[in-house]
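For reference, the structure I am asking about is given below.
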Amino acid sequence: MIYALVRKEFRQLLPLTILVVILFNSNLIFYPISGRVDEGTWSDISGYLEPGSQVESSVVLMILCFMTAFSLFPREHDEKTIEYLYSLPVSRTSVFLSKFIAALSILCIALFTGTFSDWIIHLFNRQPFSGDQFDLKNAVTGCFLMTAFIFTMLSYGVFLSFFRRFGLVIFGLCWVIVSTLKKVYPFLEHANIFNLVTMEYHGQTLLIPWKPVSLNTGMGIACLFMAGFLWGTPADRFSTWYNRLSKRRIGTVIGAGSLIAVTVLFLIIYVRLIKEDAGNVSPPVAYVSFQTATFSTDHYRFTYPQSLRETAHRLIGEADGVYEKTRDFLSAENGRPIVVDLTEESHEHAGIAALHKIRMDIRRDDRSEERLRILAHETSHIFSILESNKKIIDHNSSTVFYNEGLAEFLSYSLFPDEEKLEAQRLLAATAWKRHGVTFDMLADRASFRKHYNEHLFYVIGELWVKAFYDTYGKGAVSDVLRAMGRKDAPTDLRGAALWQDTLQAMDCELEKINGEWLKQLADLSKEYESEIEGLPRIRGGVLEKNRKEVTLTATLDRIAAPDSFTFLVRYRNDPDDSEEDTHAAYGEIQFDKSPLEIIFKIPAHRLTGRNFEYQFGYLFNWKAYPYFEEWQSGQSS
Amino acid sequence: MNRLYTLFRKDLRQHLIPLIVLSVFMAAYFGIMMLGTTVSQRSMGFLAAESSFLLFIIPLGAVVLGNRLVVKEYYGRTQLFIESLPISRSGMFFVKYGIGLAFLLSVFILSLYFASLFSNRTDPVSAKFFLILMSRGGIFCYFVWSFLFAMGFLGRLRIPVYLLLGFSLIVVNITSEINFTRSGPLALVMPDTFPFERYNFPVKDLLITFLLGSGGLSLAFAVSRINEGSVSESLAKPMSQREKAVVGVIFIGCLLAITLLDEKRVKEPYKFNSKEVIVNENEPIEILYIREELKPDAEALNRILEKKVSALRSTLGLKKIPPIRVAFRDSLDMNKFETARLSDADGVLVRANFRDMDSWCIDDFVSYLVRAILDHATRDRTRFAPKQWLHDGFSCWWVHDGYRAASDLQKTLLLRSMYALKTQQLDSATIEAWPVFRERFGEPIAEAVAFSGLAYLQSVRGPEAVIDLVKEAYGRDIPDDSRETLYEIFHPMRVVFKEQTGEEWEDFISNWSDWINKLSSRPEFGNGLAAIPEASGSIEVVEKEGNMRDIAYGINFSHIPDSGYMCSLLHKKLPPFDSTIDEKDLIRDEKIRKNGSKSQTWQLTGTYNAGARVFLALEYDSDILGAPIRILSKRMNIE
């Protein structure tokens, strides 16, 4: 009888089956017309197996799972057709399970046929390497992970469908709560279902992230039980009761009341946790008082903390001069006054800027010259936004090096600090010589971040702007902003193509600038040859791990006075993590070890996946950014 | 009016609890966003939270409201009761619309008030700024609500309409220069402008958004009125499974169409923008020489390239030669060239240091350029493994005007070839897996072997056979879809070879190997080969604490080489899925070989740890071959 029920469900879900099978097997149609099948690689065809997070494809899968789950019970119950099934000589649990099994089978069959069709397409490629990519073990593991994802999402969906469309709101709320609490309790990242489809490899072997798999499928099973209770057991009476209750005012009041209570409770917990977290951070050098005051000049509107009045006034006194110098340097017109918020407290940056607004932390440096330079730097960003008609933000991925490079170049030109500039240029030359940074990489933020530290945008970008300045003169470095913002500028260009097009519009040649830039970098490398030789390469790996922390160790490749360096490691879970999700830890020098070792300890709870990335480095001059090696990957479990 | 008021009260009473719940939700999300602003290191203030609230939460609230006020009413057919009352349809319509709009505007104004209040401490919000924020957010709410209200009347057509709209927007985005984040509704609430634009009212965007909102409202009004509302009533029924599936299939079709459209996008071609450019009048060649003193070199290069490109065009019958640009690059070694990544329409751009043409390695450059031209003309089909040897061999063969036994340079190429074939037997499987051979021996030696094949073919069948073979492989218009796969199925190497040269492929390979063996017994080659020491190498992973690993590598010569002092470890981290490695992506760890030492070992520390997959190769410089000799290469998983 159950078999007959499952068959009936299959029949009922036939249109959906056709849809998912077409979707999973779309490569059979798509691939031959969009490329040469004998060049297709398995990783390309089965895109979800590519290393890293596969959010896009899994969101589509999530929608499909919810679509399927929501079409199983609610309508049958609303239209009372479920009564016919209940009149059959089978238990309600069997009816529930037969529906669930049918839905799960349809999605899994579609997945398996999709994997099979991907393999068939891949068979056409008989070239070495790219044609040998298919691996049965990885295919099975990939299918297992996707099946776990489907099972979990379908279970969630069946449970949430009880609450009809309101279920999606509950899902959204849970998502927000978990995502928010994750900042304070990083282990909650394991509950992120997308971790199931984040493909991590050991060499060529696809790994199963057992923690997220067990946690998520466990939650899926729990949801399935609850859904079974709500939909399928004799407690179907509960469903009827719920339906009746929800239609009455008291039901809505109870529902709304509990949701409000949950929300308020969550907010209270969140605020408390944030306060606790803030309490753990070492206290800043100077506290910013709550009371603020404002001060307007011709070009700025300052807000500053009362407790830092004198410091602020020293800056404000010279601010208009900074504005005018910056404006003249960029041959720009006077803009509207800029709002400067001097109440910023950040251990991550000295200043940030957006349209007409700057936030600056004036506690950081005692020297007013440095503050003026920061103000000039941030003001330059605002002029860049205005002069480029906001295009510099739209094309941020391709222009970030120029935006930061121009601000650095301008601020050092207006407020010279030879010692600091020299330290920055030494860093630029070292990084270029060791990492071989190219213009194509510089103009592609995402791929640059995968390999290098973002501070290099400032120092190498500054040299690029200098090369541009030396090749085409002062006017060109600001004209390029206006060329970028011209009305007929194409909007879909990126990377080097965007720069070629922009420079072409102002009769400049990218090849010429790049030639000059590389020449200057080569000259600097020669000039600083002995200093570069004196900066050791630092390399290492994961030494040990326990529940609390992961210990990394690194050694230097040459003899160097360890006291002259402050060693750091930066780490992140994924190459796509933002700068905010990238953390750092200081190293401890092990003087008793030979060769010299540096030990870094990072909290294990910050590392959520099996693989993570780290980057060793050191501060060699307090005036410059630290030097970092390229990102490496390691395993935390 | 009294009736409308009664209706308003009835609707409000009916939806009061959902409205309260919704407002609590929206308030909670707003609170979370505000808290997020305080925690974030890169936040630009509390008004930034308001922008995200408008962008994400207001539309979400509008969807729920639309569902509650319109969809549910029509789906449950409860509107029939109201329609039976003596109230005009437009009255009913505007009461519902008004409730939704008033709710969204109230939520927005309250949230803006609190955001401004919090912001005031650090970023005072002036009256004008507040008005600007109000107008932006208010008009946006009007647009969102009007649009979603209209969608509510479309019942089961809502989802297909959403998809169609989404598809149309993507098509417009692909085919035009319209930037949706910089004009219209989205421009009003984008996080990079909304919290910061304090001086100007974005009049144009406000107007566009208002008109779009009014359009939505008119549509809703029209649909609710057609045939006394029977259209919206009939649309209110939920979609059947079949309809859902059809929508899904259409959706997939749209996705395919978008992908294809995206691939067909054509961009403006690139050109050199400098007065220091030589433009060839007969061939699409441009040379950027950057400095005036380089002009004579550039002119000489231009003359050579014109001749070569023109000959290539006529010989291979290439219908179209891509624009060829050569840019001077000071920082490159004289024998190193670089190809820039350009879009298809932009042609080929090669960078080279062509200072002092008289002593420059022009042949190497032309060979490199020919390869780049063929790559472009065939849309990279030249990299197809079973025929890649032709690509490697032809560029050398062509640049030297075919095989000439007396040429010293060609003798070196043959010597390289002999060295490689001494180590590895040549057969059709080896040639079919040409990238493996290339990876094992390195690019210069693999190219030399391929050249020797064409040299032998010329010696037995004449230069025409070589040209006919290459013409068939690369002189066609090669499609970049599976029609080429079909061609390949019917024209594998052995078939093409037989057709164009009259020789059996297998016989040819074996004769070619014999020819090379025979040549190597000549003293002019034999002495050179004998001078090259037998070398063996080792690459091992040294296990250290934790997951740390070192790579220990060593080299061992049968006798001390007469020349060449550099040994190199070439390495690169590989992704889990294998593909061909581009030689220029390899990291070269160079070590100076100790004089008088037959064996030596080194260690690469901490670069690759357990779990990584790497490519490793060991080379040493050989003056005899004029190229590095690769002793061994391997891809390995570090355990």
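FYI, side chains are in, hydrogens and waters are out, and symmetry mates aren't considered; it's all heavy atoms of this structure. Worth saying up front: this structure is predicted, and the values here are computed from it rather than measured.
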Check: A:Lys390 and B:Asp192 side chains under 4.5 Å, non-hydrogen atoms:
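They are not in contact (no side-chain heavy atoms under 4.5 Å apart), so the answer is no.
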Please identify, among A:Phe439, A:Tyr201, A:Phe616, the residue contributing the most non-hydrogen atom pairs under 4.5 Å to chain B.
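Looking at each of A:Phe439, A:Tyr201, A:Phe616 in turn, A:Tyr201 comes out on top.
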Counting only heavy atoms closer than 4.5 Å, note whether A:Thr41 contacts chain B via side chain, backbone, both or neither.
neither
Gap between atom CG of A:Asn514 and atom CD of B:Glu338 - 0.5 Å precision
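Here the rounded value is 9.5 Å.
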Please classify the contact between B:Asp380 and chain A as side chain, backbone, both or neither, with a heavy-atom cut-off of under 4.5 Å.
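Answer is backbone: N, CA, C or O of B:Asp380 sit under 4.5 Å from chain A.
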Heavy-atom distance under 4.5 Å to chain B: side chain of A:Asp132, backbone, both or neither?
neither
When you compare the side chain of B:Ser43 with that of A:Arg359, does any pair of heavy atoms fall below 4.5 Å?
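SC-SC contact between A:Arg359 and B:Ser43 confirmed.
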With distance as the sole test, does B:Ser482 use its side chain to make a donor-acceptor pair with the main-chain N or O of A:Gly35 at under 3.5 Å?
yes
Quick check for you: to the nearest 0.5 Å, what is the distance between B:Leu604 atom CG and A:Asp557 atom CG?
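Going from the CG atom of B:Leu604 to the CG atom of A:Asp557 covers 10.5 Å.
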Would you say A:Pro337 and B:Tyr199 make side-chain contact, with heavy atoms under 4.5 Å?
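A:Pro337 reaches B:Tyr199 side chain to side chain.
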Considering only heavy atoms and a distance below 4.5 Å, find which of A:Ala353, A:Gly203, A:Ser43 pairs most often with chain B.
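If we count pairs closer than 4.5 Å to chain B, A:Gly203 comes out on top.
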To the nearest 0.5 Å, what is the distance between CZ (A:Arg301) and OG (B:Ser126)?
9.5 Å
Would you mind checking which part of A:Leu49 comes under 4.5 Å of any heavy atom in chain B, side chain (CB onward), backbone (N, CA, C, O), both or neither?
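Its backbone and side chain both get close to chain B.
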Given a strict heavy-atom distance threshold of 4.5 Å, which part of B:Arg483 is in contact with chain A: side chain, backbone, both, or neither?
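Answer is neither: B:Arg483 stays 4.5 Å or more from chain A.
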As an exercise: rank B:Met636, B:Met548, B:Arg379 by heavy-atom pairs under 4.5 Å with chain A and give me the winner.
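Most heavy-atom pairs under 4.5 Å with chain A: B:Met548.
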Of all heavy-atom pairs between B:Lys573 and A:Ser633, which one has the smallest distance, and what is that distance?
NZ-OG, 2.8 Å
Which of the residues B:Asp550, B:Leu342, B:Asn637, B:Thr485 is involved in the greatest number of heavy-atom pairs with chain A at under 4.5 angstrom?
B:Thr485
Interatomic distance, CG@B:Asn273 vs CG@A:Leu503, rounded to 0.5 Å, equals 8.5 Å
Got a second to check how far B:Leu486's CG is from A:Phe124's CZ, nearest 0.5 Å?
8.5 Å
B:Glu545 and its side-chain contact (heavy atoms from CB on, under 4.5 Å) partner, picked from A:Thr551, A:Leu543, A:Val542, A:Thr553:
A:Leu543
Do B:Asp123 and A:Lys357 pass the salt bridge (Lys or Arg N to Asp or Glu O under 4.0 Å) test, and can you show the C-alpha distance, the side-chain angles, and the key distance before you say yes or no?
CA-CA 9 Å; B:Asp123 179 4; A:Lys357 186 171 178 180; 2.9 Å; yes
Cut-off 4.5 Å, heavy atoms of chain A, and the answer for B:Pro435 is both
Closest non-hydrogen atoms of B:Ala385 and A:Pro128, given as atom of the first, atom of the second and distance, are CB-CD, 3.5 Å
Can you tell which of A:Glu579, A:Arg126, A:Gln632, A:Lys519 has the highest number of heavy-atom pairs within less than 4.5 Å of chain B?
A:Gln632
Considering only heavy atoms, which portion of B:Leu22 lies under 4.5 Å from any heavy atom of chain A: side chain, backbone, both, or neither?
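Neither the backbone nor the side chain of B:Leu22 comes within 4.5 Å of chain A.
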Exercise: identify the closest heavy-atom pair between B:Asp578 and A:Gln133
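For B:Asp578 and A:Gln133, the tightest heavy-atom pair comes out as O-NE2, 2.7 Å.
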Of the backbone (N, CA, C, O) and the side chain (C-beta and beyond), which part of B:Ser331 lies under 4.5 Å from a heavy atom of chain A, both, or neither?
side chain
Measure A:Ala554 against the heavy atoms of chain B and call it side chain, backbone, both or neither at under 4.5 Å.
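Nothing of A:Ala554, per the 4.5 Å heavy-atom cut-off to chain B.
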How far apart are the C-alpha atoms of B:Arg121 and A:Asp341, what are their side-chain angles, what is the distance that settles it, and do they pass the salt bridge (Lys or Arg N to Asp or Glu O under 4.0 Å) test?
CA-CA 9 Å; B:Arg121 187 178 83 86; A:Asp341 174 8; over 6 Å; no
Between A:Phe129 and B:Val436, is there a side-chain heavy-atom distance shorter than 4.5 Å?
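A side-chain contact under 4.5 Å exists here.
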Validation row: B:Leu574, A:Gln204 side chains within 4.5 angstrom (heavy atoms)
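Counting from C-beta outward, B:Leu574 and A:Gln204 never come under 4.5 Å.
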Determine whether B:Pro576 and A:Leu206 make a side-chain contact, defined as any pair of heavy atoms from C-beta on separated by less than 4.5 Å.
no
Expected output: side-chain A:Gln504 to main-chain B:Lys271 donor-acceptor under 3.5 Å:
yes
Spacing of OG1 belonging to A:Thr205 relative to CD belonging to B:Glu639, to within rounding of 0.5 Å:
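Between A:Thr205 OG1 and B:Glu639 CD, I get 7.0 Å after rounding to 0.5 Å.
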For the pair A:Gln127 (side chain) and B:Pro386 (backbone), establish whether a donor and an acceptor sit closer than 3.5 Å, ignoring hydrogens and angles.
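No.
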Please find the pair of heavy atoms, one from A:Thr303 and one from B:Pro124, that lie closest to each other, and give the distance.
OG1-CD, 3.4 Å
Counting only heavy atoms closer than 4.5 Å, note whether B:Pro479 contacts chain A via side chain, backbone, both or neither.
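The answer is the backbone of B:Pro479.
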One thing to verify: whether B:Glu276 and A:Lys512 come together as a salt bridge, which I'm taking to mean a side-chain N less than 4.0 angstrom from a carboxylate O.
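Yes, A:Lys512 and B:Glu276 are salt-bridged.
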Heaviest contributor of heavy-atom pairs below 4.5 Å to chain A, chosen from B:Arg341, B:Glu197, B:Arg182, is B:Arg182
Side chain, backbone, both or neither: which part of A:Ala354 has a non-hydrogen atom closer than 4.5 Å to chain B?
both
Portion of A:Asp135 that has a non-hydrogen atom of chain B nearer than 4.5 angstrom:
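Neither; nothing under 4.5 Å.
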With respect to chain A, which residue among B:Glu484, B:Arg351, B:Glu432 yields the maximal number of heavy-atom pairs within a distance under 4.5 Å?
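Answer, by heavy-atom pair count under 4.5 Å with chain A: B:Arg351.
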At a 4.5 Å cut-off on heavy atoms, which part of B:Asn609 comes close to chain A: side chain, backbone, both, or neither?
side chain
Indicate yes or no: does B:Lys275 engage A:Asp507 in a salt bridge with an N to O separation below 4.0 Å.
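Between A:Asp507 and B:Lys275 there is no salt bridge, as every charged N stays at least 4.0 Å from the carboxylate O atoms.
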Do A:Glu511 and B:Leu349 come close enough that some side-chain heavy atom pair is under 4.5 Å?
yes
Going by heavy atoms in the side chains, are B:Ile290 and A:Glu516 under 4.5 Å from each other?
no
Ring of B:Phe384, cation from A:Arg36 - is the NZ or CZ under 6.0 Å from the centre and inside 45° of the axis?
no
